[in-house]
Novice: 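The following block contains the structure, expressed as structure tokens.
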2 protein chains.
Amino acid sequence: MRDSNTDLRVIRTKESIREALVELIDEKGFEAITVKDITTRAKINRGTFYAHYQDKFDLMTKCEDEIMLEMSRIAKQNFPSIIAALETNSPTSTPFSIAVLIFVYLNENSGFMKAVLGPKGDLSFQTRLKDFMWKTMFGNEPNAILKENSLLVPGQYLASYVASAHIGVIQQWLDNGRKESPQEMARILSTITVNGPFFAAGLKK
Amino acid sequence: MRDSNTDLRVIRTKESIREALVELIDEKGFEAITVKDITTRAKINRGTFYAHYQDKFDLMTKCEDEIMLEMSRIAKQNFPSIIAALETNSPTSTPFSIAVLIFVYLNENSGFMKAVLGPKGDLSFQTRLKDFMWKTMFGNEPNAILKENSLLVPGQYLASYVASAHIGVIQQWLDNGRKESPQEMARILSTITVNGPFFAAGLKK
DNA sequence: TCGGATGTGTTGGTTACGGAACACTTTTTT
DNA sequence: AAAAAAGTGTTCCGTAACCAACACATCCGA
């Protein structure tokens with residue numbers, strides 16, 4: 001058996017399906033979509049769909065998984081956690097540079113992300129994404145830095161706050177047509193995150 | 001042998017190839033494109049390309065043919081010639097309504113048309129398109145109306161003038177990002193054509 | 001409440017496409 | 001001018017995707 005993950009037919013088929021999914025979520029919302037809608041739009045046989053996915057929920061989950069896996073790969077490859085980056089203050093890999101990579105990735109997948117985070121999207125995805133960001137930023141275990149900073153606010157609330165805030169910024173950016181570059185967005189987001197919202201708004205010296 | 005023209009694989013493959021062609025013409029111009037470029041971009045095997053086309057010139061010609069065939073179908077289905085429409089003054093099918101259909105079609109194929117009419121496109125296509133418009137508008141033979149109107153300007157120059165002018169308007173529209181609707185463009189174009197440029201510009205009562 | 005229409009999964013036989021390799025020709029580099 | 005690299009056009013074999021058809025599940029208007 002040759003590697004079916006590099007077979008151009010498989011790659012193109014999956015791309016078509018995902019594109020169709022994004023378009024249809026935008027048009028009628030996830031709930032209203034049928035498998036037939038997807039295959040007609042994607043111009044593939046319905047049987048082919050079932051060769052890859054069990055049903056539309058399975059498709060949704062797998063698309064989400066891919067997105068998060070890829071984001072995770074980008075983040076981990078460049079630094080185990082943002083907190084760790086804060087510790088070392090390394091010039092080559094900072095929260096900023098990680099954020100750039102994430103935004104570049106989001107930018108390339110903006111169709112899917114917008115559809116899935118939008119009003120007609122899948123609510124459960126937001127939860128999963130927050131979870132993912134939590135782990136990416138702080139690792140699976142609350143680490144030392146997090147504990148030190150948790151005198152006023154318990155660590156998990158801090159993480160939730162930051163993760164939700166980030167998603168809010170991302171949603172705003174996607175809805176606004178992505179006028180800022182990934183670099184600019186990374187700067188904005190890391191400015192808020194590192195210095196705090198009031199500082200970033202210029203209300204605090 | 002099943003009908004290979006309705007096989008979804010064939011349809012998707014050809015679409016991918018054409019999309020890739022359009023992108024690459026935009027990026028580097030037709031001359032610089034290799035077959036390998038196209039197949040890589042389209043995510044198909046190079047062998048598959050040769051199953052459908054002899055080489056990149058054959059591809060180009062066949063894309064052009066399809067566009068013109070389709071435009072021709074639209075025009076002829078709705079009226080044998082614009083001149084004939086002018087004669088009858090029919091309310092259901094006028095030069096305007098034909099032009100709307102053409103612009104709707106151009107709008108849907110704007111990627112290809114823009115690439116092919118643009119500075120990096122295939123020069124021979126402009127000639128073919130003018131030729132096509134000539135025949136669409138005036139038929140294969142100079143007709144009575146055309147002769148009547150050719151006291152000051154010989155008919156073939158009039159036709160060339162109008163065809164070239166139309167292409168100019170189309171290019172301008174495509175380059176400008178198609179801000180006007182097909183309906184609006186049809187109104188503009190038929191206003192100029194029927195009443196003359198100076199009248200349309202408001203310089204002539 | 002029934003019947004036609006639409007969607008769901010699944011199957012078996014058929015075909016278009018992909019991968020890999022081939023001998024050549026053309027371009028680019030040195 | 002020779003060597004290396006990239007592109008061309010073609011082939012053989014395996015397989016992903018195709019079509020058609022199926023039994024069954026919903027749904028909706030007569």
Side-chain angles (χ1 to χ4, degrees), chain A residues 1-66 115 120 122, chain B residues 1-66 115 120-122 124:
Chain A
M1 171 188 170
R2 291 177 194 157
D3 183 1
S4 107
N5 283 352
T6 66
D7 189 314
L8 291 176
R9 286 171 294 187
V10 176
I11 292 171
R12 285 206 301 146
T13 294
K14 289 189 172 173
E15 277 182 9
S16 292
I17 290 176
R18 189 193 284 199
E19 259 179 55
L21 177 67
V22 167
E23 288 176 23
L24 289 165
I25 288 178
D26 236 22
E27 285 171 26
K28 37 158 76 180
F30 181 71
E31 276 313 313
I33 296 175
T34 70
V35 171
K36 194 150 194 300
D37 286 339
I38 297 171
T39 57
T40 303
R41 181 70 62 100
K43 287 176 185 154
I44 61 158
N45 190 279
R46 207 156 44 79
T48 304
F49 178 92
Y50 290 110
H52 294 288
Y53 307 102
Q54 289 182 16
D55 48 41
K56 69 168 180 169
F57 302 101
D58 184 42
L59 166 63
M60 196 66 202
T61 308
K62 282 182 174 152
C63 284
E64 293 170 2
D65 286 345
E66 274 178 51
K120 293 175 191 160
D122 178 8
Chain B
M1 170 188 168
R2 290 176 195 157
D3 183 1
S4 106
N5 283 354
T6 66
D7 189 314
L8 292 176
R9 286 172 295 187
V10 176
I11 292 172
R12 286 206 300 145
T13 294
K14 288 189 173 175
E15 277 182 7
S16 293
I17 289 176
R18 188 192 285 200
E19 259 179 55
L21 177 67
V22 167
E23 288 177 22
L24 289 165
I25 288 178
D26 236 22
E27 285 171 26
K28 37 156 77 180
F30 180 71
E31 276 313 314
I33 296 174
T34 70
V35 172
K36 193 148 195 299
D37 286 338
I38 297 170
T39 58
T40 303
R41 180 70 62 102
K43 286 176 187 156
I44 61 159
N45 191 279
R46 208 155 44 80
T48 304
F49 178 92
Y50 290 109
H52 294 288
Y53 308 103
Q54 290 182 14
D55 48 41
K56 68 168 180 170
F57 302 100
D58 184 43
L59 166 64
M60 196 67 203
T61 307
K62 281 180 174 153
C63 285
E64 292 171 4
D65 286 346
E66 273 178 51
K120 293 175 192 161
D122 179 8
S124 74

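In what follows, chains carry the letters A, B, and so on, assigned in the order in which the sequence lines appear, proteins first and then strands, with residues in each chain numbered from 1.
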Novice: side-chain contact (heavy atoms from CB on, under 4.5 Å) between A:I44 and B:L8: does it pass, once the steps are laid out?
Specialist: CA-CA 6 Å; A:I44 61 158; B:L8 292 176; 5.5 Å; no
Novice: How many whole angstroms separate atom CZ of B:F49 from atom C1' of D:dT10?
Specialist: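 Between C1' of D:dT10 and CZ of B:F49: 14 Å.
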Novice: I want to check one thing: is the phosphate of C:dC17, taken as OP1 and OP2, less than 4.0 Å away from some side-chain N or O of B:H52?
Specialist: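 Yes, such a contact exists.
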Novice: With rounding to the nearest 0.5 angstrom, report the CG to CD1 distance, A:N5 to A:I11.
Specialist: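 The CD1 atom of A:I11 is 8.0 Å from CG of A:N5, to the nearest 0.5 Å.
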Novice: Do you know the tightest heavy-atom contact between B:S16 and B:A42?
Specialist: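 Taking B:S16 first and B:A42 second, the nearest heavy atoms are O-CB, 3.5 Å.
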Novice: Could you measure the distance from the NZ atom of B:K43 to the OG1 atom of A:T13? Nearest 0.5 Å is fine.
Specialist: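 So the gap between those two atoms works out to 11.5 Å.
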Novice: What's the closest nucleotide to the A:R9 side chain, out of C:dT8, D:dA17, C:dG19?
Specialist: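 Out of C:dT8, D:dA17, C:dG19, the nucleotide with an atom closest to A:R9's side chain is D:dA17.
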Novice: Taking atom P of C:dA16 as reference, at what distance in whole Å does atom OH of B:Y53 sit?
Specialist: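 Spelled out: OH on B:Y53 to P on C:dA16 is 15 Å.
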Novice: Name all pairs fulfilling the side chain to side chain donor-acceptor pair (under 3.5 Å) condition that reach into residues 45-55 of chain B, sequence neighbours left out, sorted by first residue then second.
Specialist: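 Sorted result for residues 45-55 of chain B: empty, none.
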Novice: Apply the test salt bridge (Lys or Arg N to Asp or Glu O under 4.0 Å) to residues A:D37 and A:K28: give CA-CA distance (whole Å), side-chain angles for both, the deciding distance (0.1 Å), then the verdict.
Specialist: CA-CA 11 Å; A:D37 286 339; A:K28 37 158 76 180; 2.9 Å; yes
Novice: Can you list everything that forms a salt bridge (charged side-chain N to carboxylate O under 4.0 Å, His left out) with B:R12? Sequence neighbours excluded, please.
Specialist: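 Once residues adjacent in sequence are excluded, B:R12 has no partner under the salt bridge (charged side-chain N to carboxylate O under 4.0 Å, His left out) criterion.
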Novice: When you measure from the side chain of B:V10, which nucleotide among D:dC18, C:dC17, C:dG19 comes out closest?
Specialist: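 For the B:V10 side chain, the nearest candidate turns out to be C:dC17.
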Novice: Nearest-Å distance, CD1 (A:I11) to C1' (D:dA17)?
Specialist: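 It is 15 Å, rounded to the nearest whole Å.
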Novice: Once you round to the nearest 0.5 Å, how far does CZ of A:F30 lie from CD1 of A:I25?
Specialist: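 Result: 6.5 Å between the selected atoms.
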Novice: Using a heavy-atom cut-off of under 4.0 Å over every strand shown, decide if B:K43 touches base, sugar-phosphate, or nothing.
Specialist: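 Sugar-phosphate contact only - B:K43 comes under 4.0 Å of backbone atoms but never of a base.
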Novice: Using a cut-off of strictly less than 4.0 Å, decide whether A:N45 has a side-chain nitrogen or oxygen near OP1 or OP2 of D:dA17.
Specialist: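 A:N45 to D:dA17 OP1/OP2: no side-chain N or O under 4.0 Å.
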Novice: Taking atom C1' of D:dT10 as reference, at what distance in whole Å does atom CG of B:D55 sit?
Specialist: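 Whole-Å distance recorded here is 14 Å.
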Novice: In whole Å, what is the span from the NZ atom of A:K56 to the P atom of C:dG9?
Specialist: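 After rounding, the gap between these two atoms is 10 Å.
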Novice: What heavy-atom pair brings B:I33 and B:K56 nearest, and what distance separates the two atoms?
Specialist: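 Shortest heavy-atom contact: O-NZ, 3.1 Å.
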Novice: Rounded off to whole Å, could you give me the CG-to-P distance for the B:N5 and D:dC18 pair?
Specialist: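 In whole Å, D:dC18 P lies 16 Å from B:N5 CG.
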Novice: On DNA chain C, compare the nucleotides closest to A:R12 and A:Q54; which residue's is nearer the 5' end?
Specialist: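 The 5'-side residue here is A:Q54.
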Novice: With sugar-phosphate meaning primed atoms plus P, OP1 and OP2, does B:D7 contact a base, only sugar-phosphate, or nothing at under 4.0 Å between heavy atoms?
Specialist: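 Touches sugar-phosphate only.
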Novice: Might you work through the side-chain contact (heavy atoms from CB on, under 4.5 Å) test for A:L59 and A:I38, ending with a clear yes or no?
Specialist: CA-CA 11 Å; A:L59 166 63; A:I38 297 171; 3.9 Å; yes
Novice: Among residues at least two apart in sequence or on other chains, which ones pass salt bridge (charged side-chain N to carboxylate O under 4.0 Å, His left out) with A:E19?
Specialist: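 A:E19 satisfies salt bridge (charged side-chain N to carboxylate O under 4.0 Å, His left out) with no other residue.
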Novice: Does a nitrogen or oxygen in the side chain of B:T13 sit under 4.0 Å from OP1 or OP2 of C:dC17?
Specialist: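 B:T13 to C:dC17 OP1/OP2: side-chain N or O found under 4.0 Å.
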Novice: Once you round it to whole Å, what is the distance between C1' of C:dT8 and CZ of A:F57?
Specialist: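 Going from A:F57 (CZ) to C:dT8 (C1'), I get 13 Å.
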Novice: According to a 3.5 Å limit on both distances, what stems of 3 or more consecutive Watson-Crick or G-U pairs are formed with DNA chain D?
Specialist: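 When the pairs of DNA chain D are grouped into runs of at least three, the stems are C:1-8 with D:23-30, C:10-21 with D:10-21, C:23-30 with D:1-8.
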Novice: Give the nucleotide from the list C:dC17, D:dG9, C:dG18 with an atom nearest to the side chain of B:Y50.
Specialist: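 Closest of the options to the side chain of B:Y50: D:dG9.
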Novice: A:E64 and A:M60: side-chain contact (heavy atoms from CB on, under 4.5 Å), yes or no, with the steps?
Specialist: CA-CA 6 Å; A:E64 293 170 2; A:M60 196 66 202; 3.7 Å; yes
Novice: CD of B:E31 versus C1' of C:dT27: gap in Å, rounded?
Specialist: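 Value for this atom pair: 15 Å.
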Novice: Using atom names, set out every protein N or O paired with an N or O of nucleotides 21-25 of chain D below 3.5 Å, distance rounded to 0.1 Å.
Specialist:
none

Novice: Could you identify which residues of residues 34-41 of chain A place a heavy atom less than 4.0 Å from some atom of DNA chain C, listed by residue number, or say none?
Specialist: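 Those residues whose heavy atoms fall under 4.0 Å from DNA chain C, taken from residues 34-41 of chain A in numerical order, are A:T34, A:V35, A:K36.
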Novice: Determine, step by step, whether B:E27 and B:L24 satisfy the side-chain contact (heavy atoms from CB on, under 4.5 Å) criterion, reporting the C-alpha distance in whole Å, the side-chain angles of both residues, the deciding distance to 0.1 Å, and the verdict.
Specialist: CA-CA 5 Å; B:E27 285 171 26; B:L24 289 165; 4.1 Å; yes
Novice: Out of C:dG19, D:dA17, D:dG9, which has the shortest distance to the side chain of A:L8?
Specialist: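 Selected nucleotide (nearest to the side chain): C:dG19.
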